[in-house]
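Everything below concerns the one structure shown next.
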Amino acid sequence: MARDHEDDEEDVSPGHCGTGRTRLYVDQPLSPGIMVDLGRDQSHYLVNVLRLDEGAPVLLFNNADGEFLTHIEERSKKATTLFVEVQTRPHAPLPDIWLLFAPVKRARLDYIAQKATELGAARIQPVITQRTIVSRVKDERLAANVVEAAEQCGLVALPEVGPTTKLGDLLDTWQSEQDDRLILFCDEAAPVGGVKAQLEALAAEGKKGAPLAVLIGPEGGFSPEERARLLAREDCRAISLGPRIMRADTAAIAALAVVGMILGDW
Ligand code: SAH
């Protein structure tokens, strides 16, 4: 995945929420004793930015086998080969909680992608609603932010970036495609209070660990038609996130936190 080089400097700071070790996500099988070839971007990062030498330790993880300690076997600007030594952490699947959010402007979109990754969302999917201002989302930028956050924050799994989809289209096919995934519709117009009881009732119904989707609207909020359509669905629950109206990026984090705590893997 192409790295977002603008903040490479801070990438090496030991203050990371991870171990401060260099960690890279690779979309390749990992097991002790094999060699892993990195592409140009990741080689450039290790060799030119971090100036690592042969023998330097690098942690690699993917979305299936866990995290492994490796060292640089051969290095060049174009391709670097790592020798996989030993597994350091087993794969830890993410709680099956999706974040469906109306995309906002670039900087905050990066922020939502990174924070949703840190909060353990299993899938992060932009949803175009009637009042969404942003019409196109650069999927590769979203994916790069997700990978970088996963690397920096010690995840041993990778959230999926879902395709940008119109809310109407998503709801049309939701039943057939998402067998029993419940939509937690963060509704700024929902009656305040009761979200804790609502989520605890869902937990009591056995929804803890079940497939869930958190839906966050755009700056302009949901339209009356969208609200009516969502509220009419069996597989949808409107939840209030308290008496204050938050910006969409703040709401995404708040929602993933409360849902993660009561129905996720906190
Ligand atoms: N402009 C709208 C608010 C949009 S806030 C208005 O003034 O009503 C953007 C999104 O964040 C909302 O669509 C909702 O999904 C979420 N959100 C923000 N504050 C919330 C709250 N207190 N309760 C539930 N959802 C909230």
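It should be emphasised that the depicted structure is a prediction, and the values quoted were computed from it without experimental measurement. Worth knowing before you read on, the calculation uses all heavy atoms, side chains too, and leaves out hydrogens, waters and symmetry mates. Order of listing sets the numbers, starting from 1, for every ligand and every atom in it.
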message = Test your reading of the structure: does C186 have an N or O sitting under 3.5 Å from an N or O of ligand 1?
response =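 Such a contact does occur with ligand 1.
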message = Checking the N or O distance criterion of under 3.5 Å, is ligand 1 in contact with G242?
response =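 Between G242 and ligand 1, an N or O pair is found under 3.5 Å apart.
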Any V192 heavy atom less than 4.0 Å from ligand 1 =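 No.
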ask   = Non-hydrogen atoms of P218 versus ligand 1: any pair closer than 4.0 Å?
value =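 Distance cut 4.0 Å: P218 passes for ligand 1.
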message = When you compare the side chain of L94 with that of L155, does any pair of heavy atoms fall below 4.5 Å?
response =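 Yes, at least one pair of side-chain atoms sits under 4.5 Å.
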Closest protein heavy atom (residue, atom, distance) for [atom]:
atom: atom 3 (C) of ligand 1; answer: I245 CG2, 3.5 Å
atom: atom 23 (N) of ligand 1; answer: L241 N, 2.8 Å
atom: atom 5 (S) of ligand 1; answer: M246 O, 3.2 Å
atom: atom 10 (C) of ligand 1; answer: G217 O, 3.4 Å
atom: atom 2 (C) of ligand 1; answer: E219 O, 3.6 Å

message = Can you name the atoms of ligand 1, numbered from 1 with element, that are less than 4.0 Å from a heavy atom of A251?
response =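 Taking each heavy atom of A251 in turn, ligand 1 has 11 (O), 16 (C), 17 (N), 18 (C) under 4.0 Å.
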message = Tell me the nearest of R247, E188, R244, R227 to atom 22 (N) of ligand 1, using heavy-atom distances.
response =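 It is R244 whose heavy atom sits nearest to atom 22 (N) of ligand 1.
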ask   = Hey, do the aromatic rings of Y25 and F61 have their centres closer than 6.0 Å?
value =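 Yes, the ring of Y25 comes within the 6.0 Å limit of the ring of F61, centre to centre.
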